[in-house]
Amino acid sequence: MKKRIAIFASGSGSNAQKIMEHFKRSSEAEVVLILTNNPQAYVLQRADNFEIPAHIFTRQEFYDTDNVIRLLKNLQVDLIVLAGFLWLVPATLLKAFPNKIINLHPALLPKYGGKGMYGDHVHNAVLAAKEEESGITIHFVNEHFDEGEILHQSKFKIEPGDNLEMIKFKGQQLEHQHFPRVIENLLKKMKS
Ligand code: GAR
């Protein structure tokens, strides 16, 4: 049986798109559900384009009920992928899927992580610190923002004159290139 992936995303979902594209052709795994806290998120359109079902949840549903856990269990999800998902994962969900939740972060953790560090906030902090390099991190999720065990990092150079748009672009290129493959390798290692 194919391994089953669920993706959480809060916004555009360009990484979700790359993952859906990658596994559409796979005999090993498939994306079975997209979840979002944001009814306006463009990721919903992308899910629709791939004919993958989506679930929109509220803060109350996510933190005060077991609905999301039940949905994921009913679908027999093997791996949960956070791709631009901005809410902290509740302890109940972590407990229900131990070592089965991974996150993508747009910097080289442990630097530039933690609460409030997402998207442009991260890149602006990297620029303000005059770093000579930045990159991406894919890591297991625990009860703290951006602190679980690191699975993968890749880096790019920041050239003099690089602005926010440029480093965002360089980071996104790496994300799109590596994230689907890291997921595939992790799934291969996971026992069924
Ligand atoms: C990605 O760059 C991801 O690294 C970042 O959100 C973006 C989502 O882009 N995640 C975080 O900042 C999490 N702290 P996408 O919606 O186009 O995939």
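The first residue of the sequence shown is numbered 1, and numbering continues consecutively from there. Counting starts at 1 for both ligands and their atoms, in listed order. In what follows, every heavy atom counts, from backbone to side chain, and hydrogens, waters and symmetry copies are set aside.
If you check each of H176, H121, H105, E175 against atom 4 (O) of ligand 1, the one with the closest non-hydrogen atom is E175. Here the shortest heavy-atom distance to atom 15 (P) of ligand 1, taken over S14, G119, G116, A16, belongs to S14.
Here the closest heavy-atom approach between residue N37 and residue S10 is recorded as OD1-OG, 2.8 Å.
Considering backbone and side-chain N/O atoms, D146 never comes within less than 3.5 Å of an N/O atom of ligand 1. Where the criterion is an N or O separation shorter than 3.5 Å, residue side chain and backbone included, L86 fails it with respect to ligand 1. Checked against a 3.5 angstrom limit, the closest N/O atoms of G13 and ligand 1 fall inside it.
Here the heavy atom of the protein found nearest to atom 11 (C) of ligand 1 is P106 CD, 3.5 Å. Ranking the protein heavy atoms by distance from atom 9 (O) of ligand 1 puts N15 ND2, 3.9 Å first.
For the pair L104 and ligand 1, a heavy-atom separation below 4.0 Å is found.
Atom numbering of ligand 1 starts at 1 in the shown order; those under 4.0 Å from a heavy atom of M117 are 14 (N). For ligand 1, the atoms lying closer than 4.0 Å to a non-hydrogen atom of S12 are 16 (O), 17 (O). Ligand 1 places these atoms under 4.0 Å from at least one heavy atom of G84: 6 (O), 8 (C), 10 (N).
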Check against ring pair (Phe, Tyr, Trp, His ring centres under 6.0 Å), F62 and F85: CA-CA 13 Å; F62 194 48; F85 180 64; 5.7 Å; yes
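The distance from the CD1 atom of I7 to the CD1 atom of I5 is 6.5 Å, given to the nearest 0.5 Å.
Ring-plane geometry between H139 and H105 is classed as perpendicular, the angle between the planes exceeding 60 degrees on a 0 to 90 degree scale with a lower cut at 30.
Counting only heavy atoms from C-beta outward, the side chains of L164 and N124 approach each other to under 4.5 Å.
No more than 12 heavy-atom neighbours from other residues, nucleotides or ligands sit within 6.0 angstrom of CZ on F169.
Both the sub-6.0 Å distance and the 45° axial angle are satisfied by K73 relative to the ring of F97.
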